[in-house]
Amino acid sequence: MDITSLFDAPKNPAYFDSAASSLTAKPVRAKMEEFYSQYRANIHRGAHRYTKKASQEYEAVYAKLAKFFHAKESEFIQVRNTTEAINGVALGLDFQRGDEIVTTSIEHHSNLLPWLRLKEKGVVVRILEADDEGKLAPDKLKALLTPKTKLVALTACSNVLGTKEPLEQLVKVSKDNHSLVLLDAAQQVGHHPLDLSKVKADYMAFSGHKVFGPTGIGALYHREGAPLAPWFVGGGTIREASLEGYKLLENHERFEAGTPAIAEWMGLGAALDTIDKIGYPKIEAHEKKLISAMFSAFASNPKVSLYGPKSAQDKACALFAFSVGRVPHHEVAVMLDQFGFACRSGHHCAMPLTKRLGVEGTVRASLHVYNNEEEVRMFGEALQKVGALA
Amino acid sequence: MVLCFVALFVFAVLGIFSAKYRALFFEALGCVGRTLTLRPCESKLDERIKATLIAHLLQRSPPAARAVHKHFAALSLVFTILFFGSMIYSAVAVYNYWAYGNCNGPNSSEFCAFDAVLRPGAGAGNLTAVQAGIGPKRGNGSIVMVEFGCFSCPFTRSAQSPLNQFLASRPDVSLEFRAFPIPTHENSFVAAQAAFCADEQGKFWEYHDALFADENHSRENLGQMAARLSLDGTRFDACMASNSTPAGLRVQRDVAAGHAAGIYGTPTFFINGVTLVGPQTPQEFSDALRGIGTSKPEQAASCHAPNASG
Ligand SMILES: Cc1ncc(COP(=O)(O)O)c(C=O)c1O
């Protein structure tokens, strides 16, 4: 299986911004094109063969999700992205004054702001502080939990530090406290398997665009039996409606109001197929090589300050936030772009974490399966050049 | 921040030609707007310009890049001052051009870049070839190069030495001289008339060389030059009596022919279909002769005719 043949990976600049959005795999684009060119129709509407075929392909994605995450088809809800999924949980749970939510100091704004907003309702938000390398400690979490902790919302992997977290234990500690658990798996699914039969989170969110899929599509997993009310209602969500009221459908359909993103959903299915086709072991092995190559590139450059884990075994993915002396992060990114590397700079939607690192922003290089060690070597050279300014 | 102002003007001009720069222009405009209202520039345009510049420098000279990076604020301030300085300078030039017909001020006849662009019919591209066989000819070569020159023009004068070098190396080329006295130059008309008076006595080229050798073209000195070349003084004086003697009329006809050809500065050379304005190196003459030269309307050094064909 030649990984590079699955992507149109740009060469100059090389794409080093996969944490923001991965490249879209060719089979994903092909799947969407197949829908548009061969059976473009709305789903679950009428009897003609196009709508039948479209509905079939559409429904098949739920089955794929279920198999992929070791869960049930009916436990997945289509959303636009991780942010929408998390907001959905914040709106769909019945929070009362005095309820407590625990989230962490390394969250993306998408897994922080929806909880902070609930403070208006009298909800208490507690913060689990990560250590300097971004590691979350289960016993520290345990100390924050009380009988009133309704929800623990944590990231499976920080989009700034890329730290490997003890997910199973964190979830277990929370479940032992009878709290609900939400996992922000945006940075996880593209890199490591997530077996929801083992990691017993109640809610899990991820975005298609970070897992080789299309933009504007994502999924929210919602464990059977865990509370959640639809945050939107309308067409497609009801069993019956009258002028007096309505009765919602049972399964995921009650959450999916209106005509869904049909092509993108199929594209998401194709993205999961692509991951399966490459295989997580191969993705992990490839990233491991990239991670150690990146560490050597950074180690040979005294001008670079690296944030997060200092050793390869603590990294969950090839994602590195750094700064070069006191050269402004944005300028470093522009220079790296000139030298052939598309990196992101800024606070990466994690302002509290960036502040804690003691900087205004960082440069982030995030790599994926379509990157290679030769690129990393050249990246090291480019960093040396920029280092001359520091 | 100051960089935004410069960027605004630069991109405004470049934006005329390309949509890419048009977008940057609007970005710079937003940035200037914010700067003027003392808010930070959102677009980070200045940072981007700076980093791109430094990245290019890093490829060539890391120490230079480091220095620029370190002193960027000061450098961009200097750059901005220079930029606005040159803007003001250009504005003055535009005013001069409007008020006096010359960008260098009322009493200058130096080359003005606006001529080539603004004067209708100006620029070598619009010069029409002139007829040969009218003026005095030096050499027997079958290829004729026509020069329109002004004896009082420093550029025509400085053109002579390379021109002579070229002619010496190419016996197949002959030079024909046409007078194009620049009115703002003192005595330029009488000097040209005197040369034609010498021609009447068969000594045009000797007198021509003497005029370029001696800058003093007062009526008295012109007579002394004639005496030194043993010309008949009475005949010479009669020839110089007014500007409507045959020699004077010759000058006027040459000037009219020059205007008709679209000449706006001296010296102007016509050779083998190529027009050259201003002094040239021998090599440039050779190139023009071989047809590989290009007409050069924007020759920086030439004497400008204020009432050229425009
Ligand atoms: C950890 C994490 N959570 C949430 C998000 C938000 O994802 P989206 O923009 O697809 O909603 C991101 C994306 O950067 C992320 O990295």
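Here is the naming used below: chain letters follow the sequence lines, and residue numbers restart at 1 for every chain.
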Problem set entry | Any side-chain donor near an acceptor of the partner, His329(A) and Glu360(A), under 3.5 Å | no

Scan side-chain atoms only and decide if Ser158(A) and Thr163(A) contain a donor-acceptor pair under the 3.5 Å cut-off.
-> no

Can the SG atoms of Cys157(A) and Cys317(A) be said to lie under 2.5 Å from each other? no

Filtered by a 4.5 Å non-hydrogen cutoff, the part of residues 377-390 of chain A contacting chain B is Lys385(A), Val386(A), Ala388(A), Leu389(A)

Does Lys26(A) count as lying over the ring of Phe212(A), i.e. NZ or CZ under 6.0 Å from the six-ring centre, within 45 degrees of the axis? no

Using 30° and 60° as the class boundaries, would you call the ring planes of Phe285(B) and Phe269(B) parallel, tilted or perpendicular? perpendicular

> Parallel under 30°, tilted from 30 to 60°, perpendicular over 60°: which one fits the rings of His347(A) and His109(A)?
Replying inline: tilted

From the list Leu53(B), Leu58(B), Ile54(B), the residue making the most non-hydrogen contacts under 4.5 Å with chain A is Leu58(B)

Most heavy-atom pairs under 4.5 Å with chain A, out of His69(B), Lys50(B), Lys70(B), belong to His69(B)

Next on the checklist: Is it the case that the side chain of Asn301(A) and the backbone of Phe298(A) share a donor-acceptor pair, with hydrogens and angles ignored and the cut-off at 3.5 Å?
Outcome noted: no

